[in-house]
There are 2 protein chains.
Amino acid sequence: MADNRVTGQAGRRVVSTAIRQALSSGDMVPGQRLVEQELSDTLSVTRSSVREALQDLAAEGLVELVPRRGARVRVISVEEAIQITECRAVLEGLCARRAAELASAEERAELAGIGDRMRASVAQGDLSSYSVLNRQLHAAIAEMSGQKVADGLLERLKGQMVRYQFRLALRPGRPSQSLPQHLAIIEAIVLGDAPAAEAAIRVHLDSVIRELEATPGGGAPDAHEDELEGAGT
Amino acid sequence: MADNRVTGQAGRRVVSTAIRQALSSGDMVPGQRLVEQELSDTLSVTRSSVREALQDLAAEGLVELVPRRGARVRVISVEEAIQITECRAVLEGLCARRAAELASAEERAELAGIGDRMRASVAQGDLSSYSVLNRQLHAAIAEMSGQKVADGLLERLKGQMVRYQFRLALRPGRPSQSLPQHLAIIEAIVLGDAPAAEAAIRVHLDSVIRELEATPGGGAPDAHEDELEGAGT
DNA sequence: GTCGAACTTATTGTCAACAATCTGGTCAAC
DNA sequence: GTTGACCAGATTGTTGACAATAAGTTCGAC
């Protein structure tokens, strides 16, 4: 084939995003081996690019790098997922608190708008738009809080949760359970009640933790997982 | 000539720890350039090792990596230091809460012991042993909580704070201010009062934040940037 | 005397070949 | 039938040379 080989720092990003994508779409399952040569052939990049990308992903906790044995998709146990969510709870709590203190009038209005659209989505049973709004909500809160450090940590943590997020979103009755929680968060921030905002976020993520605790089996590498795309907590 | 060149993955660790050390001892100042060849000569490792170590450090937020321009020690502004401490507050709060719930009788006794020794150190004006006990306390709480994820994040955050920690500890009257806060944390955990433990940790770190806010010079702790580029010739 | 352009040097980025190591399987001995 | 050693193939780790780029410097024109 023609030598379309993407080279260098570009290649590194190609590999990194390709693996991320494959990871979140379920094309790569936890525990799966990632052979450098294979990836460099498939993606038409040099092995160096693959190596560096794998280092990046390992630093983010998405893959596990064992010396002389290569890389594999990291398995995240239910217990670890719970701990991740506990960390998210306090960090997002911090963001929500600050957002309630700092948000401008326009930002509060924007939040209220997201709340309205969430209500509508759930009413219409539109799961995918609800999930989009969900992400928007969390992103907006992080943005409004001005907490760049916390936001960075949260991005990291969420990246590790891709696998569990969509499992949860599929549970029947989940939206009707999480909607009022989301609305409570929004209301507290709009009203500028910082402690209430922090508490509301915690209530929400505590309920996520309870769902996780009810999850069967560990992060065991089921070879066959047919799962829909689309996520949300 | 004795070619003691440490090679490969070992070299990578050598570089990584050497830079960390230099960073915390003040031998390397924020903004300073890190030239690959220079480091590989000084430390007797290959340039590859240096490169990889720099990637690691960049992933941890200790150095900044600009494409085609090399690496420099990352400058952490006072504002960022405050945000880092805010994150620490909630994450350590989580750990303290769990520790209060989960600690065994022996662990509670150990904490109480640390508290006694802290009191003694401050009474004797022994700053260095107080600082050691301080680290022990935080480590013990993280350990007891079983929160591996939070602990990992905290390690990261503390790594970025080396420069400021050093400065804060030197402020006169600081120990007599922080001692009662530490004792309050210990007491809450020993008594198993989870909410109080979380609150006590927050009080403590809020006071650290107030110290940071009173730090002069918004930018780097010392005026190194200017002397870097402009001074000579 | 100052500004700008070409040149030189210092430094990082890339690559492909080579070396070291691990995995899995085969075969012989007990 | 099971255990152990050994061999072959696959995979990662390392290296040094080379290419690409940015910074610094000199020289000439105005």
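Each chain gets a letter, A, B and so on, in the order its sequence line appears, and its residues count up from 1. All values below were derived from every heavy atom in this structure, side-chain atoms included, with hydrogens, water molecules and symmetry-related copies excluded.
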Review point. Contact class for A:Leu34 (heavy atom, under 4.0 Å): base, sugar-phosphate, or nothing?
Key: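 A:Leu34: backbone/sugar contact only, no base atoms under 4.0 Å.
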Check your understanding: Hey, does A:Arg68 reach any base, or is it just sugar-phosphate, or nothing, if we go heavy atoms under 4.0 Å?
Key ->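 Base, at least one base heavy atom under 4.0 Å.
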Point to revise | Pairing of A:Glu198 and A:Arg202 as salt bridge, 4.0 angstrom limit | key: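 Salt bridge present between A:Glu198 and A:Arg202.
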**Study point:** Presence of salt bridge, B:Arg72 and B:Glu64, under 4.0 angstrom
**Key:**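 Salt bridge: no.
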Starting the side chain at C-beta, find the nucleotide from [options] nearest to [X].
X: A:Arg47; options: D:dT21, D:dG13, C:dT11; value: D:dG13
X: A:Arg51; options: D:dT14, D:dT11, C:dT11; value: D:dT14
X: A:Glu36; options: D:dT12, C:dT23, C:dT12; value: D:dT12

Review point. Does A:Thr46 put a side-chain nitrogen or oxygen below 4.0 Å from OP1 or OP2 of C:dC15?
Key: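 True: A:Thr46 side-chain N/O within range (under 4.0 Å) of C:dC15 OP1/OP2.
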Rounded to whole Å, how long is the line connecting atom [atom1] of [X] with atom [atom2] of [N]?
X: A:Leu54; N: D:dT11; atom1: CG; atom2: P; result: 14 Å
X: A:Arg69; N: D:dG13; atom1: CZ; atom2: P; result: 12 Å
X: B:Glu52; N: C:dT12; atom1: CD; atom2: P; result: 15 Å
X: B:Arg72; N: D:dA22; atom1: CZ; atom2: C1'; result: 13 Å
X: A:Glu38; N: D:dA10; atom1: CD; atom2: P; result: 12 Å
X: A:Gln55; N: D:dT14; atom1: CD; atom2: P; result: 10 Å
X: A:Gln37; N: D:dG9; atom1: CD; atom2: P; result: 17 Å
X: B:Arg12; N: D:dT14; atom1: CZ; atom2: P; result: 9 Å

Review point. Between A:Arg20 and A:Ser16, is any side-chain donor less than 3.5 angstrom from a side-chain acceptor?
Key: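 Looking only at side-chain atoms, A:Ser16 and A:Arg20 do form a donor-acceptor pair, the distance falling under 3.5 Å.
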Review point. Between the side chains of B:Ser49 and B:Thr46, is a donor N or O closer than 3.5 angstrom to an acceptor N or O?
Key: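 B:Thr46 and B:Ser49 do have a side-chain donor-acceptor pair below 3.5 Å.
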Point to revise | Matching residue for B:Val208 among B:Met161, B:Glu213, B:Arg174 - test: side-chain contact (heavy atoms from CB on, under 4.5 Å) | key: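 Per the side-chain contact (heavy atoms from CB on, under 4.5 Å) rule, the option paired with B:Val208 is B:Arg174, out of B:Met161, B:Glu213, B:Arg174.
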